[in-house]
Student: 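A single structure is presented below for examination.
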Amino acid sequence: MNSCRIAICLLVGSGLVMGAAGHGARAAESGSKPVLSTEATEALARAESGVALATAKKALWTTAASALAQAQEAAKHQDNAAVMKYAAVAAEQASLGMAQADGPLTSQH
Amino acid sequence: MKQTTWMLTCLGMLAFSADALSLSPEQERLNRVQAVQQKYPDIKFEDYVYGALAFSPDAKAQYENMMAFPPFESEIDKGRQLWETPFNNGKRYADCFPGGGRNVAGNYPYYDETMKKVVTFEMALNQCRANNGAAPYKQADMNTMGLLTAYARTLSDGMLMNIKVKGSGALAAFESGRHFFYQRRGQLNFSCASCHVDHVGEILRTEYLSMLPGQTTHWPAFRGGDYALFTLQRRYSACNQLVRAVPMEIGGEEYNNLEYFHSYLSNGLPLKSSVFRK
Amino acid sequence: MGKPLAIVTAVSLSLLLAAAFISPARAAEAPQPEPTGQELAFDNRKGNCLACHAMPGEPKAVTNTNIAPPLIGMAARFPDRRKLYGQIWDATRANPDTAMPPFGKNGILTDAEINKVVDYVYGL
């Protein structure tokens, strides 16, 4: 009986510790980094304007669009590294699409 | 400064002459037909409407069998109901077209000088709705516009494609569609022509590549194992997506101009709607 | 149930509980097993070589294609490995009208993935 109480106490206790730890981690995340880093914010802005330009030029690739969506999703979770990674892909794929639209036509020979 | 101006003038003239050198629509069509004839002398011109099936007697025989009793007949019937149901004012779609809508689809798309734009058959159907007090259908909606065309276009089965390009506005729209067809797009970097001009009749993994002339004659199509309804422009959208390009709007100016060019290249070939395709 | 046994059970349950908390995060971070050169070559989201190239010496390669030259005797055809790498990276450099996608230039494959494909194709 007693041993069972100890066991339950241990279980509940460990659960509380885990919960507190999880909460602490989240608090630390939103506390010390409440917003996106300047770098990530700028990278995201570059990607968004690149995709907007490619869209206006009717030269947007699906890869640019989906990378931008991933960057925006990462931004919601303040995941700076992921924002930087996906924003860079989006910006590059957008600019490749625009360059392609100015390229030569095929099958002209 | 003077030198720069001179160079710019030269460049401008070069650009102009390159533009002037682009082929007339009819020359472009003849070139594309002749190229297919040279590569495949045994395939008759009128069989270009079968596209990829023209290269495979087996696949063509299967197609003929299926078309004897199309498994998607009930879908075409839904389209017939849409076509025959009168508007609130008592008028019908048939009242909007000469001959009650028989043998008209081969005249679309045409270039409308007043509106200064290409008008597709789908736009004409929506115009008919608007003229009779009905809200337009979304052109990408296969359950309304798709089904309506799946019946309405069958009224033009057998009509020869008869697209006209006259005047500078029409020519500009044709050129815009032409440019779309030959421009590489998407991460995979294909133009429409990369496959359907440069590699006609060759096999992409397991599928023959159809020839450009004839490609617009058999739409809409019921495709694949589930007979999904595809209008021509839905097919454009799917193709663009496959090469990883964000598709244009179905019913938008880019695809309308593409359809104008594309349909002209099928001139002289007979229409047949609501067919099976892989 | 004896006391020591109960405590051991409780501790191990706690550990299990902890593991259950931690493992989803670990699973998300765990890298996927790296695809081989052959897998990259066959995968139609990646190299998709078989869409356009037959591989007459490779029994696993299922394709009817006849669009581009079959991939066979590659080491003899490309004595300079860099040339084969360059062809896959951007085939439009050698032939502006080619239908072959520029796998490296357009970011379809990473440089590391192209190297794996080159290694695989080189053995064909």
Side-chain angles (χ1 to χ4, degrees), chain B residues 18 22-23 28 31-32 35-36 39-40 42-43 51-60 62 178-212 215 224 238-246 278, chain C residues 35 38-72 85-114 117 120-121 124:
Chain B
S22 78
L23 300 171
E28 167 103 25
N31 282 359
R32 292 311 169 207
V36 181
K39 196 169 175 184
Y40 302 99
D42 295 340
I43 299 178
L53 302 169
F55 299 101
S56 165
D58 278 359
K60 173 110 179 296
Q62 280 176 26
R178 181 179 183 280
H179 194 269
F180 194 107
F181 195 86
Y182 291 103
Q183 180 65 59
R184 292 183 184 274
R185 60 190 67 243
Q187 191 194 37
L188 298 187
N189 207 39
F190 290 105
S191 70
C192 309
S194 298
C195 289
H196 299 290
V197 170
D198 296 346
H199 293 283
V200 171
E202 295 169 27
I203 303 169
L204 184 68
R205 203 182 279 249
T206 55
E207 304 302 322
Y208 285 98
L209 294 168
S210 61
M211 57 286 262
L212 161 54
Q215 275 181 335
C239 256
N240 282 170
Q241 206 123 33
L242 273 179
V243 302
R244 302 182 190 169
V246 172
K278 266 204 198 168
Chain C
Q38 186 187 60
E39 283 165 350
L40 289 166
F42 282 22
D43 184 348
N44 60 10
R45 302 291 306 164
K46 288 289 189 175
N48 200 13
C49 306
L50 299 173
C52 297
H53 297 275
M55 295 183 183
E58 171 61 84
K60 283 191 212 152
V62 182
T63 180
N64 296 329
T65 191
N66 57 358
I67 288 177
L71 302 179
I72 191 163
Y85 184 94
Q87 176 67 12
I88 297 175
W89 203 85
D90 181 9
T92 64
R93 279 199 213 159
N95 170 16
D97 239 11
T98 186
M100 181 158 165
F103 289 92
K105 183 187 165 196
N106 283 10
I108 304 162
L109 298 177
T110 64
D111 290 351
E113 287 172 329
I114 295 179
V117 171
Y120 169 67
V121 167
L124 292 173

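Chain A is the first sequence line, chain B the second, and so forth, proteins listed ahead of strands; every chain is numbered from 1. Bear in mind the structure is a predicted one, so any value in this text is a computation, not a measurement.
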Student: Looking at Pro102(C), Gly107(C), Cys52(C), Ala51(C), which makes the most heavy-atom pairs under 4.5 Å with chain B?
Tutor: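 Most pairs with chain B among the choices: Ala51(C).
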Student: Any donor-acceptor pairs between chain B and chain C, under 3.5 Å? If so, list them.
Tutor:
{"residue": "Arg45(C)", "atom": "O", "partner": "Arg244(B)", "partner atom": "NH2", "Å": "3.1"}
{"residue": "Asn48(C)", "atom": "OD1", "partner": "Arg205(B)", "partner atom": "NH2", "Å": "2.5"}
{"residue": "Ala51(C)", "atom": "O", "partner": "Arg205(B)", "partner atom": "N", "Å": "2.8"}
{"residue": "Thr63(C)", "atom": "OG1", "partner": "Arg205(B)", "partner atom": "O", "Å": "3.4"}
{"residue": "Asn64(C)", "atom": "N", "partner": "Arg205(B)", "partner atom": "O", "Å": "2.7"}
{"residue": "Thr65(C)", "atom": "N", "partner": "Arg205(B)", "partner atom": "O", "Å": "3.4"}
{"residue": "Thr65(C)", "atom": "OG1", "partner": "Ile203(B)", "partner atom": "O", "Å": "2.6"}
{"residue": "Asn66(C)", "atom": "OD1", "partner": "Ile203(B)", "partner atom": "N", "Å": "2.7"}
{"residue": "Pro96(C)", "atom": "O", "partner": "Arg184(B)", "partner atom": "NH2", "Å": "2.9"}
{"residue": "Thr98(C)", "atom": "O", "partner": "Arg184(B)", "partner atom": "NH1", "Å": "3.2"}
{"residue": "Thr98(C)", "atom": "O", "partner": "Arg184(B)", "partner atom": "NH2", "Å": "2.7"}
{"residue": "Asn106(C)", "atom": "O", "partner": "Gln187(B)", "partner atom": "NE2", "Å": "2.9"}
{"residue": "Asn106(C)", "atom": "ND2", "partner": "Gln187(B)", "partner atom": "O", "Å": "2.8"}
{"residue": "Gly107(C)", "atom": "O", "partner": "Gln187(B)", "partner atom": "NE2", "Å": "3.3"}

Student: Please lay out, stage by stage, how Ile203(B) and Ile67(C) fare under the test side-chain contact (heavy atoms from CB on, under 4.5 Å).
Tutor: CA-CA 6 Å; Ile203(B) 303 169; Ile67(C) 288 177; 5.8 Å; no
